[in-house]
Amino acid sequence: MNKDIVVYICGLHSLSFVIFHCAFWKLFKWQVELKKLGMVNRAIMQILNIQLICVFLLTAFLCIFYNSELHNTSLGKAFLAGMSIFWLIRAIEQMVFLPINNKYVHLLTVLFMAGCILFFLPLF
């Protein structure tokens, strides 16, 4: 498969996680659920989520607007490798910290592994 196309797909994968993370407040009823946490933990959850949104936005931006640089330069390849490792670790964490038999959890694990593979493919 063409490396440009794979990197664009990586950008779309990242954009899908921007949308997903933007929906966390409503999807997981954070207005109610986070009140059960202390102020510090409540803040940390939201800060980490917003920072992930920023990382995914930056990743999508780079994949879409600096496509060929990502798979043709050493720095770009390092970035792609880093994102591949990020998604691999995220999939492993899913199994360690959320070991429940639920179709949505399994779907997310598949999407995390898809990210690992997608970001890995343009390296060769």
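The model shown is predicted, which means the values in this text are computed figures rather than measured ones. We use all heavy atoms of the structure for the numbers below, so side chains are in, but hydrogens, waters and symmetry mates are not. Along the sequence shown, residues carry numbers from 1.
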Residues passing the salt bridge (Lys or Arg N to Asp or Glu O under 4.0 Å) test with Lys35, sequence neighbours excluded, are none

How long is the gap from [atom1] on [X] to [atom2] on [Y], to the nearest 0.5 Å?
| X | Y | atom1 | atom2 | answer |
| --- | --- | --- | --- | --- |
| Leu34 | Lys36 | CG | NZ | 10.0 Å |
| His106 | Ile100 | NE2 | CD1 | 8.0 Å |
| His71 | Phe79 | NE2 | CZ | 13.5 Å |
| Leu80 | Ile85 | CG | CD1 | 11.0 Å |
| Phe61 | Cys54 | CZ | SG | 14.0 Å |
| Trp30 | Met45 | CH2 | CE | 4.5 Å |

Discussion item. Side chains of Arg90 and Gln94: any donor to acceptor distance under 3.5 Å?
Written reply: yes

Would you check, one step at a time, whether the test side chain to side chain contact (heavy atoms under 4.5 Å, CB included) holds for Leu111 with Phe20?
CA-CA 12 Å; Leu111 292 173; Phe20 180 55; over 6 Å; no

inquiry  = Counting only heavy atoms from other residues, nucleotides and ligands, does the tally under 6.0 Å from OH of Tyr66 exceed 12?
reply    = no

Practice item. Answer yes or no: does atom CZ of Phe86 have more than 12 heavy-atom neighbours from other residues, nucleotides or ligands under 6.0 Å? Key: yes

Which heavy atom of [X] sits nearest to which heavy atom of [Y], and what is that distance?
| X | Y | answer |
| --- | --- | --- |
| Arg42 | Leu37 | NH1-O, 3.0 Å |
| Gly11 | Ala60 | O-CB, 3.5 Å |
| Cys116 | Leu88 | SG-CB, 3.7 Å |

Hphob cluster co-occupancy, [X] + [Y], side-chain heavy atoms under 4.5 angstrom:
| X | Y | value |
| --- | --- | --- |
| Val96 | Val110 | no |
| Val40 | Leu48 | yes |
| Met113 | Phe119 | no |
| Ile19 | Leu52 | no |
| Ile50 | Phe56 | yes |

field: Pairwise side-chain contact, Leu15 with Ile64, heavy-atom cut-off 4.5 Å (strictly under)
entry: yes

Margin query: Using ring centroids (six-membered ring only for Trp), state whether Phe17 and Phe112 fall under 6.0 Å.
Written below: yes

Can a donor-acceptor pair be found, under 3.5 Å and without considering hydrogens, that links the side chain of Lys3 to the backbone of Phe124?
yes

* Start with the C-alpha gap between Leu75 and Glu69, add the side-chain angles, then the distance that decides, and say whether side chain to side chain contact (heavy atoms under 4.5 Å, CB included) holds. => CA-CA 8 Å; Leu75 180 59; Glu69 287 91 337; over 6 Å; no

Sorted by chain and residue number, the side-chain contact (heavy atoms from CB on, under 4.5 Å) partners of Ile53 (sequence neighbours excluded) come out as Val18, His21, Cys22, Trp25, Asn49, Leu57

Evaluate side chain to side chain contact (heavy atoms under 4.5 Å, CB included) for Met1 paired with Leu121, printing each intermediate quantity in order.
-> CA-CA 9 Å; Met1 182 181 272; Leu121 286 175; 5.9 Å; no

For this session: Apply side chain to side chain contact (heavy atoms under 4.5 Å, CB included) to the pair Ser68 and Asp4, showing each step before the final yes or no.
Result: CA-CA 6 Å; Ser68 64; Asp4 286 332; 4.2 Å; yes

